[in-house]
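Throughout, numbering of the chain's residues begins at 1 and tracks the sequence.
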Amino acid sequence: MHDPKMMEQIETGKGFIAALDQSGGSTPKALKGYGIEENAYSGDDEMFALIHAMRSRIVTSPCFNGERILGAILFEKTMDGDAGGKSVPALLWERGIVPFLKVDKGLEAEEDGVQMMKPIPILSELCERGKAKGVFGTKMRSVINKASRSGIAANVAQQFNFANQIIDHRLMPIIEPEINIKSDERAQCDVILRDELSKALDSLADNRKVMLKLSIPAEANLYAPLVDHPKVARVVALSGGFARDEACEELAKNKGMIASFSRALLQDLRDTMDDDNFDASLDSAIAQIHGASCT
């Protein structure tokens, strides 16, 4: 059974979910955006130590709390690490923020217009470790590049297959079939994905719920039926490459969707900032994203 306080916050809270889950392949880009070039570290251990230091600075900032942030998605190494002298999930919940864990292991090569997730052989172990650390749910990402109904259907089926396994561990799955916003078939992808998700949700057992993390649709409120679906705990939006101003502007057009931004949240933060400037910049980003999520 889900923690009832966490469940209520996720389903009804006014705010957004922070995405702090950049993993191996995306970590160098995240560090570069933070002002740390690749020649500043050697090997994965140093790289992950630097990204953990960045995330620790974020989650211990005075403005990073449950007043405006409902949840935070963590990379496995972040979940296993400490911040402020406590485990990161424990620190987050102490601050009123529901912790989630990224469980996917990256993407397969594109086939039939989509990139499926690679196998997750340790999914059960990850779920149990996450539960033991106080994690409420998980997140897993796949990608849609073309308006192939068969490809998108297969993508959704894989997501729900993993989601059911995650629910078996009494965790809340965030399903993220990201549509590439640069695709010239973006609008058609949106419609097919909405329809395939609706069918999968209708087939989900009555006592089960999922969350959806979706690219902001080209047509405002296209995902309204998903927002209102009884088996959906919450629909959250990824920024998908939009800068924060544009991501917030587009999100605000979609009633019932809230943000789950990564790059758009962190885009103005720099390693060289002193604490006052760092906290002020993060607070400004949180305020803007919170406003767009509560429109």
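- To the nearest 0.5 Å, the span separating CG on Leu238 from CD1 on Ile17 amounts to 12.0 Å.
- When atom types are taken as modelled, the side chain of Thr60 and the backbone of Gly84 share no donor-acceptor pair closer than 3.5 angstrom.
- Rounding to the nearest 0.5 Å places CE of Met116 at 11.0 Å from CG of Leu107.
- Looking only at side-chain heavy atoms (C-beta outward), Val88 and Asp82 stay at 4.5 Å or farther from each other.
- Transitive grouping of hydrophobic side chains (ILVMFWY, heavy atoms separated by less than 4.5 Å) keeps Leu70 and Leu171 in distinct clusters.
- Under the 4.5 Å side-chain criterion, counting only non-hydrogen atoms from C-beta, Lys105 is not in contact with Met117.
- No donor-acceptor distance shorter than 3.5 angstrom exists from the side chain of Ser284 to the backbone of Ala280, with no hydrogens or angles considered.
- Using a distance-only test at 3.5 Å, with no hydrogens or angles considered, a donor-acceptor pair links the side chain of Ser215 to the main chain of Ile179.
- Listed by first and then second residue, the side-chain hydrogen bond (donor to acceptor under 3.5 Å, both in side chains) pairs involving residues 43-54 are His52-Ser56 (not counting sequence neighbours).
- The existence of a salt bridge linking Lys131 and Glu128 is confirmed by a sub-4.0 Å separation between a basic side-chain nitrogen and an acidic carboxylate oxygen.
- Not a single donor-acceptor pair under 3.5 Å links the side chain of Asn155 to the backbone N or O of Val114.
- Between Phe162 and Ile175 the shortest side-chain heavy-atom distance does not fall below 4.5 Å.
- Of the inter-residue distances, the one linking Cys127 atom SG with Ile166 atom CD1 reads 5.0 Å to the nearest 0.5 angstrom.
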Return all side-chain donor-acceptor pairs below 3.5 angstrom for residues 33-42, not counting sequence neighbours, or 'none' if the list is empty.
from: Tyr34; atom 1: OH; to: Arg57; atom 2: NH1; distance (Å): 3.4

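- Cluster annotation: Ile258 and Met211 are assigned to the same hydrophobic cluster (Ile/Leu/Val/Met/Phe/Trp/Tyr, side-chain heavy-atom contacts under 4.5 Å, transitive).
- Both Leu265 and Met257 belong to a common hydrophobic cluster when Ile, Leu, Val, Met, Phe, Trp and Tyr are linked at side-chain heavy-atom distances under 4.5 angstrom.
- Counted by atom type alone, Asn180 and Arg186 present zero donor-acceptor pairs between their side chains at under 3.5 Å.
- With sequence neighbours excluded, no residue forms a ring pair (Phe, Tyr, Trp, His ring centres under 6.0 Å) with Phe64.
- Note on Trp93: it does not cluster hydrophobically with Ile97, by side-chain heavy-atom contacts below 4.5 Å among ILVMFWY residues.
- Distance alone, capped at 3.5 Å, is enough to place a donor-acceptor pair between the Asn221 side chain and the Lys255 backbone.
- Once rounded to the nearest 0.5 Å, the distance linking CZ of Phe136 with CG of Leu92 reads 14.0 Å.
- To the nearest 0.5 Å, atoms CE (Met7) and CE (Met172) are separated by 3.5 Å.
- For the residue pair Ser239 and Arg263, no side-chain donor N or O sits within less than 3.5 Å of a side-chain acceptor on the partner.
- One finds a salt bridge joining Lys231 and Asp206 here, because a Lys/Arg side-chain nitrogen approaches an Asp/Glu carboxylate oxygen to under 4.0 Å.
- A salt bridge links Arg68 with Asp283: the distance from a Lys NZ or Arg NE/NH1/NH2 to an Asp or Glu carboxylate oxygen falls below 4.0 Å.
- Within the structure, salt bridge (charged side-chain N to carboxylate O under 4.0 Å, His left out) pairs that include any residue of residues 137-152 comprise Asp21-Lys139, Lys139-Glu176, Arg141-Glu178, Lys146-Asp184, Arg149-Glu196 (at least two apart or interchain).
- Annotation: side-chain hydrogen bond (donor to acceptor under 3.5 Å, both in side chains) contacts involving residues 241-253, sequence neighbours excluded, comprise Arg244-Asp268, Arg244-Gln288, Asp245-Gln288, Glu250-Lys253.
- In this structure, Thr138 contributes its side chain and Val103 its backbone to no donor-acceptor pair below 3.5 Å.
- Here the side chains of Phe278 and Ile58 are in contact, with some heavy-atom distance below 4.5 Å.
- Under the 4.5 Å side-chain criterion, counting only non-hydrogen atoms from C-beta, Thr78 is not in contact with Leu20.
- A salt bridge between Arg234 and Glu11 is absent, with no side-chain N of the basic residue lying under 4.0 Å from a carboxylate O of the acidic one.
- Other residues, nucleotides and ligands place more than 12 heavy atoms under 6.0 Å from the CD atom of Glu108.
- Scanning all heavy atoms of the two residues, the minimum distance from Leu269 to Leu282 falls at CD2-N, 3.8 Å.
- Although no hydrogens or angles enter the test, the distance criterion places a donor-acceptor pair under 3.5 Å between the side chain of Asp274 and the main chain of Asn277.
- Residues forming a side-chain contact (heavy atoms from CB on, under 4.5 Å) with Lys77 (at least two apart in sequence, or on another chain): Phe48, Phe75.
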| request: Could you go through the side-chain hydrogen bond (donor to acceptor under 3.5 Å, both in side chains) check for Gln159 and Ser142 one step at a time? | output: CA-CA 8 Å; Gln159 284 275 1; Ser142 50; 2.9 Å; yes
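- Phe16 and Phe261 have their aromatic ring centers separated by at least 6.0 angstrom.
- Contact check for Glu219 versus Asp190: no side-chain heavy atoms found under the 4.5 Å cut-off.
- Side chains of Ser87 and Lys133: no donor on one and acceptor on the other come within 3.5 Å.
- Using a 4.5 Å cut-off between side-chain heavy atoms of Ile, Leu, Val, Met, Phe, Trp and Tyr, with links allowed through other members, Val235 and Met140 fall into the same hydrophobic cluster.
- Atom CD of Glu8 has 12 or fewer neighbouring heavy atoms from other residues, nucleotides or ligands inside a 6.0 Å radius.
- Checked by atom type and distance alone, the side chain of Glu76 never pairs as donor or acceptor with a backbone atom of Leu126 at under 3.5 Å.
- Summarising the geometry, atom CG belonging to Asn254 is positioned 11.0 Å from atom OG belonging to Ser293; distances are rounded to the nearest 0.5 Å.
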| Steps toward side-chain hydrogen bond (donor to acceptor under 3.5 Å, both in side chains) verdict (Asp279, Ser61) | CA-CA 6 Å; Asp279 292 339; Ser61 175; 2.8 Å; yes
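- Side chain of Glu185 to backbone of Ala147: a donor-acceptor contact under 3.5 angstrom is found.
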